[in-house]
Undergrad: 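Here it is: the structure, laid out below.
Labels below follow one simple rule: chain letters A, B, ... track the order of the sequence lines, proteins then strands, and each chain is numbered from 1.
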Protein chains: 2
Amino acid sequence: MIKKVLIAEDQECANMSLQKALEELGITDIDYVYYCDDALASIQRSKHSNESYDLLITDLSFEEDGRLQKITGGKELIQAARQVQPDLRVLVFSASREAATIETLDKTLDADGYVRKARNDAKELKEAIDKISKNQRHFPRYIIDLVKQKNAHDFTRFDIAVISLLAQGTLQKDIPAHLQKSGIKPSGLSSVEKRLNLMKETFDFSKNEQLVAYCKDMGII
Amino acid sequence: MIKKVLIAEDQECANMSLQKALEELGITDIDYVYYCDDALASIQRSKHSNESYDLLITDLSFEEDGRLQKITGGKELIQAARQVQPDLRVLVFSASREAATIETLDKTLDADGYVRKARNDAKELKEAIDKISKNQRHFPRYIIDLVKQKNAHDFTRFDIAVISLLAQGTLQKDIPAHLQKSGIKPSGLSSVEKRLNLMKETFDFSKNEQLVAYCKDMGII
DNA sequence: AAAACCTTTACGGATTCCCGTAAATAATAG
DNA sequence: CTATTATTTACGGGAATCCGTAAAGGTTTT
């Protein structure tokens, strides 16, 4: 059963809506914060006073402003929170539709649910909270499709490094040196060329510029 | 004075928060829709029954779903709405931070204000509505900086065409043919090369990939 | 209409990239 | 330890690009 909830969401509007949705579910013990660091502090404090939260609802991306923060995003917050309180349920509420991100939340960070800011998000939130309170997980259908679609190509750490370097203006022939400095293997020029070719073939692209544009669109870089 | 408001926002949560913010300002005559087409229909209907809206608050991007829509985004909605009711005030509420987009809203579409979904967006919304009701406009400070920054280089129709072609995988040497087909002048390969060089020099870039990445980030292509 | 100026295009050498093949190295199996 | 396989790297010829210079085509001034 979910009684005590913490909301970590920097958008005031979204934060308000989350509170309202929870109240409509009969959950009244709600704290809300606008920064990740505040969220972690609240979790620590409530744990020490034996009033642990049952659920954390968090956004993924938090805007930077004057206040310098240790934790800058939802993913890091989830990890830090679980270190403090491993049994904490986590529901992510974000606008992101990146398959890679959502897959990480599901598989690696072991979040209990994901609701995307979109049409009917309020209804879906209630549904998700309901399911989580019954020890179920909530990752919507369309994500499975997205993940499949994305898996037309798995962008490895290597791929992303190479494309990022290109997008930063690094000459192709200079990429091996940069890769070595970052300790990424392989680092040979031929490996870079081969991998770029593979990616371009996969997507039926002809030029690196296309690859950069695609990765920008997909939020991969 | 603003009495009657229409909200066009597909995210249920954001829509709810907008309603709440308006109510806190003492505005009670609120309609809300989740689709652009519905918004336009409401505007037409209310105008014909002499109960025109004073203000339209709209998002920019609307999610596609099963319902096929004629108007697919906030920009088109603004244009269509102004055709029906030229004196309609428009406040845009979106997560976009692209300078190009916001500049278009200000200069071309002549929106009355822009509030970004971010920290303190609820407060800013109220401020914006207050200003608009006093016949002022509300475009936040940081946008001016963004626009300035962007205007380090004026991207011409020619520039955008060339960079777009690159991002689509067109070989540089094939670009002249495409430009001619689109009736864009100049179209010589040397002109393309020269212009690319100028742009790269302006931004201190070394490669086309960098230019593509930048234009993607800025929403130029 | 000639001169001066600016824009666009043409050309060519140096560099970089593309791409196929082959060698070298690492990993796995027998 | 050797054989087999897979991965990584090296090499080289051809294509595309970068970049500087010069010619061609327009426009404005006098």
Undergrad: In whole angstrom, what separates A/Lys194's NZ from D/dA10's P?
TA: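 Rounding to the nearest Å, NZ of A/Lys194 and P of D/dA10 are 13 Å apart.
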Undergrad: Could you work out, with side-chain contact (heavy atoms from CB on, under 4.5 Å) as the rule, every residue matching B/Arg67, not counting sequence neighbours?
TA: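 Per chain and number, B/Arg67 pairs via side-chain contact (heavy atoms from CB on, under 4.5 Å) with B/Tyr35, B/Asp38, B/Asp65, B/Gln69.
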Undergrad: If you assign each of A/Ser190 and A/Lys173 to its closest nucleotide in DNA chain C, which residue comes earlier from the 5' end?
TA: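 Nearest nucleotide further toward 5': that of A/Lys173.
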Undergrad: Return the 5'-most residue of the pair B/Asp174, A/Ser187 with respect to DNA chain D, ranking by each residue's nearest nucleotide.
TA: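 First, find each residue's nearest nucleotide; the 5'-ward one identifies A/Ser187.
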Undergrad: Would you say the side chains of A/Asn197 and A/Lys194 form a donor-acceptor pair under 3.5 Å?
TA: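 No pair is found: no donor N or O on one side chain lies under 3.5 Å from an acceptor on the other.
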Undergrad: For B/Gln136, is the CD atom crowded, meaning more than 12 foreign heavy atoms sit under 6.0 Å from it?
TA: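 Yes - once you tally the heavy atoms of other residues, nucleotides and ligands closer than 6.0 Å, there are more than 12.
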Undergrad: Among C/dT8, D/dT9, C/dC18, which nucleotide sits nearest the side chain of A/Pro186?
TA: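 My answer, after comparing the listed nucleotides, is D/dT9.
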Undergrad: Mind calculating the distance between CD (A/Gln172) and P (C/dC19) to the nearest angstrom?
TA: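 In whole Å, C/dC19 P and A/Gln172 CD are 10 Å from each other.
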Undergrad: What is the distance from CD of A/Glu193 to P of C/dG20, rounded to the nearest Å?
TA: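 One finds 12 Å between P of C/dG20 and CD of A/Glu193, rounded.
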Undergrad: Would you mind reading off the distance between A/Leu189 atom CG and D/dT7 atom P, rounded to a whole angstrom?
TA: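 It works out to 19 Å between those atoms.
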Undergrad: With no hydrogens and no angle check, just 3.5 Å: does a side-chain donor-acceptor pair link B/Asn208 and A/Lys207?
TA: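 Note: B/Asn208 and A/Lys207 side chains miss the donor-acceptor criterion.
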Undergrad: Base, sugar-phosphate alone, or nothing: which one does A/Lys185 contact when heavy atoms must sit under 4.0 Å apart?
TA: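 Here A/Lys185 touches no strand at all.
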Undergrad: In terms of side-chain heavy atoms, does A/Asp31 have a donor or acceptor partner in A/Tyr53 at a distance below 3.5 Å?
TA: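 Present: a donor and an acceptor within the cut-off.
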Undergrad: Can you give me the bend angle of the helix from C/dA1-D/dT30 to C/dG30-D/dC1? Use the axis through the first five pairs and the one through the last five, nearest 10 degrees.
TA: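 Both end axes considered, the difference amounts to 20°.
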Undergrad: Taking only the side-chain heavy atoms of B/Ser191 (C-beta and beyond), determine which of C/dC18, C/dT8, D/dT17 contains the nearest atom.
TA: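 Looking only at side-chain atoms, B/Ser191 lies closest to C/dT8.
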